[in-house]
Amino acid sequence: MARTIDVAEYAKGVLGGDRGVLARAITLVESTRAEHRAKAQELLVELLPKSGAAIRVGITGVPGVGKSTFIDALGTTLTEQGHRVAVLAVDPSSTRTGGSILGDKTRMQRLSVNQNAFIRPSPTSGTLGGVAQATRETIVLVEAAGFDVVLVETVGVGQSEVAVANMTDCSLFLTLARTGDQLQGIKKGILELADVIAVNKADGEHEMDARKAARELAGALKLLRPPDALWHPPVLTCSGLTGTGLDELWSRVLEHRRTLTDAGELDDRRRRQQIDWTWMMVHDELWRQVRESGAVRSLAPSLEEKVRLGELTATLAAEQILQAFQSDSR
Ligand code: GDP
């Protein structure tokens, strides 16, 4: 058992780039215990002024699309250019299974032994809201530790990509060659969030298919986006395996960043994210309190039963639950 260290020691270690202290500080922000949360918040307040300088990129795509291979290759290239790269993950399934497949070191073999890279798998406890909050706070820590590129990996199913888009500057969506009807399978919501789209595994015999798919996707995308938008998401092709297209892709990420910065949108985006997070945390905390309220818990089974049998409307049941909660919290 490592000895406890105080906030000042955490701050010093993180700012000094001590990887061991950084890892422990992340464990601290991931903890749900009240005394850890208080300490974590104190540390974050201290480090907040030293954060914010990194390029934060979200990377979404279904399992098997090649995210880890891609991140391993892109991250390695970026460290060769002098960047320090942190890889984080938001994996909602890990909260059920207790294990995270995203951000797994064994899946990023080159990056995991690279001194200029830091890989942290998804926190494995709590709700998506809790996992996302821990990851968002971890961004502050890795930035304070001097990482200037933060890649946040997530799977393109469910709500996690929305959470990740809400903590990054640029959303990169990886997909595979699909044409015609298969395009329908790509959720519209994901395309609306994406800032850069890449058809991955564009290598060997798949290369032509990938290019064709990219053209079709670009066409489909035109219909989704207002023509006067500040940024039109490019649809590229790349291969994490061979490294083809990665330079072009990164230059588009930087171009997106410049476009937003020049229009004052980047700061706006980050400020909006803070406000969104504030309310989301109020929402999550209230929801937790409602669920844990003794009065609500004793009332809930019978109310649910009445609603199920049609003896009570959902509206009236909700009113009774809120009344019970309010009397409990007084
Ligand atoms: P993830 O689940 O999205 O992280 O995907 P992985 O990176 O684990 O890759 C899934 C499978 O696709 C593995 O068998 C990889 O070897 C393969 N793969 C990944 N990237 C590429 C690529 O660029 N080209 C080809 N041909 N195969 C790839």
Side-chain angles (χ1 to χ4, degrees), residues 57-80 85-114 117-124 131 135 149-165 168 170-179 182 185-187 190-191 193-194 196-214 217 234-253:
V57 182
I59 299 176
T60 307
V62 294
V65 75
K67 289 181 299 301
S68 45
T69 310
F70 171 90
I71 293 172
D72 198 34
L74 177 68
T76 303
T77 310
L78 291 172
T79 59
E80 283 162 5
V85 179
V87 180
L88 312 177
V90 172
D91 180 3
S93 71
S94 68
T95 65
R96 288 191 298 275
T97 60
S100 170
I101 47 157
L102 297 183
D104 183 343
K105 292 183 185 169
T106 59
R107 290 161 69 242
M108 298 175 196
Q109 289 185 354
R110 279 179 290 169
L111 218 49
S112 61
V113 292
N114 187 325
F118 183 87
I119 302 175
R120 179 81 177 193
S122 177
T124 55
V131 168
T135 307
V149 174
V150 181
L151 306 176
V152 187
E153 183 189 9
T154 194
V155 282
V157 289
Q159 284 301 304
S160 61
E161 66 271 10
V162 179
V164 169
T168 49
C170 180
S171 290
L172 170 60
F173 173 56
L174 292 184
T175 183
L176 296 174
R178 301 171 208 243
T179 52
Q182 287 173 300
I186 300 179
K187 280 194 301 170
I190 291 191
L191 289 181
L193 284 178
V196 177
I197 296 167
V199 179
N200 194 27
K201 304 195 186 180
D203 45 47
E205 54 181 309
H206 311 297
E207 200 178 333
M208 293 314 289
D209 286 348
R211 284 181 197 281
K212 183 160 179 273
L217 199 48
V235 185
L236 314 168
T237 58
C238 71
S239 164
L241 200 63
T242 64
T244 313
L246 296 187
D247 286 345
E248 162 77 8
L249 185 143
W250 188 249
S251 72
R252 294 309 192 96
V253 170

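One is the number of the first residue; the rest follow in order along the sequence. We count ligands from 1, going down the list as the structure has it; atoms in each ligand are counted the same way.
- Under 3.5 Å, the side chains of S239 and D203 contain a donor-acceptor pair of N or O atoms.
- Here is the list of ligand 1 atoms found below 4.0 Å of a heavy atom in V65: 3 (O).
- Not counting sequence neighbours, the partners of A163 by the side chain to side chain contact (heavy atoms under 4.5 Å, CB included) test are A132.
- Of the possible donor and acceptor atoms, none in the side chain of T69 sits under 3.5 Å from a partner among the backbone N and O of G240.
- The N/O atoms of T69, backbone and side chain alike, include one that comes under 3.5 Å of an N/O atom in ligand 1.
- In this structure, G64 is part of the shell of residues with a heavy atom less than 4.0 angstrom from ligand 1.
- N114 places no side-chain N or O within donor-acceptor distance of the main-chain N or O of T76, the cut-off being under 3.5 Å.
- Not one N or O on the side chain of T135 forms a donor-acceptor pair closer than 3.5 Å with the backbone of P123.
- Residue H206 has no N or O atom closer than 3.5 Å to an N or O atom of ligand 1.
- Evaluation of the side chain to side chain contact (heavy atoms under 4.5 Å, CB included) rule for V162 yields Q159, L193 as partners, not counting sequence neighbours.
- Residue contacts with ligand 1, taken as heavy atom pairs separated by less than 4.0 Å, involve V62 solely via the backbone atoms N, CA, C and O.
- Atoms of ligand 1 lying under 4.0 Å from any heavy atom of P63, numbered from 1 in the order shown and given with element: 2 (O).
- Close approach to L241 involves these atoms of ligand 1, each under 4.0 Å from a residue heavy atom: 21 (C), 22 (C), 23 (O), 24 (N), 25 (C), 26 (N), 27 (N).
- Ligand 1 places these atoms under 4.0 Å from at least one heavy atom of K67: 1 (P), 3 (O), 4 (O), 5 (O), 7 (O).
- Summarising the contacts of atom 27 (N) of ligand 1 with K201, E153, E207, the nearest heavy atom is found in K201.
- Between the side chain of K67 and the backbone N or O of G61, at least one donor-acceptor pair lies under 3.5 Å.
- Counting atoms of ligand 1 from 1 in the listed order, those under 4.0 Å from a heavy atom of G240 are 23 (O).
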